[in-house]
2 protein chains.
Amino acid sequence: MKESRAVRESSADSTGVLAASSPIPVRSSAPFADGRALRPSTKVLPEHARGHNRSLVLQTLYTAGQQSRADVARGTGLTRVTVSDLVTELMAEGLVIETGQREGTRPGKPATLLDIDRGAFQIVGMDLSQYSVFRGAVLDLDGKILSRAEIPLAGSIGADAVEKVLTLTERLVELSTAPILGIGIGSPGVVDLSGVVLTAPNLGWTDVHLRQMLAERFGAPIVVANDANAAVLAEHSFGDANGDMMLVKVGHGVGAGLLLGGTPLFGSHFAAGEIGHVVVGTDGGAECSCGKFGCLETWLATPRLDAKLELTTTPTEARMVLREAGQRLGIALAPVVGALNLAEIVLSGPPELLDGPLIEATLETLRNRTMAEFHGDLALRLTTLGDDIVLRGAAVMVISAQLGVS
Amino acid sequence: MKESRAVRESSADSTGVLAASSPIPVRSSAPFADGRALRPSTKVLPEHARGHNRSLVLQTLYTAGQQSRADVARGTGLTRVTVSDLVTELMAEGLVIETGQREGTRPGKPATLLDIDRGAFQIVGMDLSQYSVFRGAVLDLDGKILSRAEIPLAGSIGADAVEKVLTLTERLVELSTAPILGIGIGSPGVVDLSGVVLTAPNLGWTDVHLRQMLAERFGAPIVVANDANAAVLAEHSFGDANGDMMLVKVGHGVGAGLLLGGTPLFGSHFAAGEIGHVVVGTDGGAECSCGKFGCLETWLATPRLDAKLELTTTPTEARMVLREAGQRLGIALAPVVGALNLAEIVLSGPPELLDGPLIEATLETLRNRTMAEFHGDLALRLTTLGDDIVLRGAAVMVISAQLGVS
DNA sequence: GACCGAGTTGGTAAGCTCAACTAACAAACA
DNA sequence: TGTTTGTTAGTTGAGCTTACCAACTCGGTC
């Protein structure tokens, strides 16, 4: 029989009363502080561990780039031997290449530098969340946009709209100049984890098996997710955010994506982030398309804002309109900030509307309505990724799904 | 060299255009849909996998109880051999025992039943969130309370209050009749992951290293967390909730704990759930101790509610007071429900206040202010765990930390 | 200035350990 | 005889340690 593992793991000295009276022969297998899931649900085999370590090596090369095997070993905590083995595997798959020897003069054998072969694969990303057009692009592994294509919606809904997605995908695939790693799609509405668009009112979609349809047509991995969820991934990967963040996407509708502990939040019915139809404030508001009064969208959606701005005659009036919209956003977000203790909120949408009075008013309102000591360092800013945020987020989803990297 | 892993993992048929033109030699190592963390951060060794599987076996026995090795193997997906090995280890540690043979008549060798040795260890749990008293209990592994102790706070704050915690702990340890698995504490205020109470205004605590102090005095594993976070764990373990949930704790203050995807949310600065000082509504409100007007606590905290009820003369008036409080809670929670797409909200606090008009008004308000199609099946209810919820949550933290089970 | 040994760093090869697996089998039942 | 349980024996896979060679710098020596 094996030696018992009856070893105390507590870091305390053995002077306490318990030490004398009651041995505690249990090792900590899932420290609470680690934030690990509470209930283990599936078995783990050594090969799963290998997959994880493989991604770890890939991740290190992806973010740092141009490193030797020894560098990667130091960075990951794995041994040089193990890293060599994993790298051999990754090179055989064409994902990693040797890029020559390290410059500069130092003792020891010169290092052979490695990097992800950033030209080896390309990604197709699509944004279905625009009002009148489906936009798509071919991107490289770094998320750089190599070529673009778009297709006007021209009022298409239902199956017609699906057909346009397929057409656009085909066009993008033809534009690609390297093997396609996968196809990522950011769709409006509620999307489940298997790539079914459960509901997308603007497109007239209900239970559209988008992922399956694309997979049947194109023999490539497909990832479909909500547009705001895609956007928050883009912001996470290409921005410099670290903590828990929320991305609020303002357009014809208003939606949000949440990234908590580095993991996207989908919600119990995949409808997380659907804040557009939450009523804001206790003093009425305009009637919303959903039938309620004073939904966030009635305050913030771009058509409504544009209409209100049309009616203004002076810059001061326009400023007040924008400030009010910002305040309403702050009112809606305050409880969320309080409940989640967010580090960062990013806005995505037309900068001419969002930047300036609106975002300033939102931040003021948030500060006035939450505890400064918890949320004083909350950052609120506009995305730097502009209109391509969903596209690029869709690419991140593919990279993440296929390589375990982001 | 090893065989290349250039195997297509897409489930699509090989008829798509990509199948012909561009092989996609990448396996999915971290499927997006799995909800796994985006960026792998630490290496994983085989022994980590073993720890996981060990917890998996323990979890199966913990929840199902009275199972044979073969049952566990079927339940977990591990082989009988592996389960046998793990069980041998767990029995050597005294965590698992054989409880005899299975009754009933069926073909084959009779099964030897196993179970967690539910009397092998006891847990000390404490609730520091009550207004005038520290309460504690000794619990068994099932979370059943075996004995209780409490110590009046008598206005103690700061170091005096810490001393009372130590005294109460000592008393509880003496009350225990089996080895102590660990000591769990639910404290008010903001608690970081290493068990430091960063701030707890009511107790006059700032940066109190509670875990460390207890660990030095008692040679046992200590877990300290926010009271509402502990409570939500209790509700998760002993209630029958499944999806993402939020527990709102109403007392002298108002706080919340969130459990998303089975994992507690701590927030970027460990202040998740601190919703008591979020301003509710846009029509003023009473002045709060924090200086703002109309914080959730001014509407909902029990002293305020009691005071308002004192002023009422008729049941109808009292009812209106409670309904207003409920509405305010609904107003505050609506954006959170929208953003997180919660499955369940549980209230903890005095039933005579919360149950009835208040909770009804909260649910009505939530329904009126969010999209029914996303949140129509949102459950809102009172906890069934009563006053012991934090105590029992503290025990769950210990069990989770030490055994990886809950 | 050329040379040579010592020290340093990078990468690989051989063999070990651990953990889960498959295959096979004995025990105990209908 | 067939079924189910649990164990024994041996295999596979993954990362580890140990040991080694390769290729460089540095500093002393001829």
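Chain naming here is simple, since letters A, B, ... match the order of the sequence lines and numbering starts at 1 in each. These numbers come from a predicted model, not from an experiment.
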task = If a protein heavy atom is under 4.0 Å from the base, mark B; if only from the sugar-phosphate, S; if neither, -; do that for nucleotides 20-28 of chain C going 5' to 3'.
result = SBBB---BB
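- Side-chain N/O atoms of B:S84 include none lying less than 4.0 angstrom from OP1 or OP2 on D:dG6.
- In the helix from C:dG1-D:dC30 to C:dA30-D:dT1, the rotation axis of the first five pairs and that of the last five pairs differ in direction by 20°, rounded to 10 degrees.
- Contacts with DNA chain D (heavy atom under 4.0 Å) in residues 68-76 of chain B: B:S68, B:R69, B:A70, B:R74, listed by number.
- Looking at residues two or more places apart in sequence or on another chain, you find no side chain to side chain donor-acceptor pair (under 3.5 Å) involving B:R392.
- Distance A:L114 CG to C:dG10 C1': 11 Å, rounded to the nearest Å.
- Taking 4.0 Å as the cut-off between side-chain N and carboxylate O, B:R211 and B:E216 do not count as a salt-bridged pair.
- Residues in residues 107-117 of chain B take part in these salt bridge (Lys or Arg N to Asp or Glu O under 4.0 Å) pairs, two or more places apart or across chains: B:D115-B:R118.
- With sequence neighbours left out, A:T112 forms a side chain to side chain donor-acceptor pair (under 3.5 Å) with no residue at all.
- A straight line from NE2 of B:H48 to P of D:dA14 spans 17 Å, rounded to a whole angstrom.
- For B:K144, the side chain to side chain contact (heavy atoms under 4.5 Å, CB included) partners two or more places apart in sequence, or in a different chain, are B:D140, B:L146.
- For B:A394, the side chain to side chain contact (heavy atoms under 4.5 Å, CB included) test picks out B:M397, with sequence neighbours left out.
- Applying the side chain to side chain contact (heavy atoms under 4.5 Å, CB included) criterion to B:A49, with sequence neighbours excluded, gives A:V44.
- Among residues two or more places apart in sequence or in another chain, the side chain to side chain contact (heavy atoms under 4.5 Å, CB included) test is passed with A:A343 by B:S268.
- Taking only side-chain nitrogens and oxygens, B:R106 comes nearer than 4.0 Å to OP1 or OP2 of D:dT5.
- The side chain to side chain donor-acceptor pair (under 3.5 Å) search around B:T79 returns B:T82, not counting sequence neighbours.
- Here D:dG6 presents its C1' atom at 13 Å from CZ of B:R102, a figure rounded to the nearest Å.
- A side-chain N or O of A:Q66 and one of A:T99 form a donor-acceptor pair less than 3.5 Å apart.
- Residues meeting the side chain to side chain donor-acceptor pair (under 3.5 Å) test with A:Q101, sequence neighbours left out: none.
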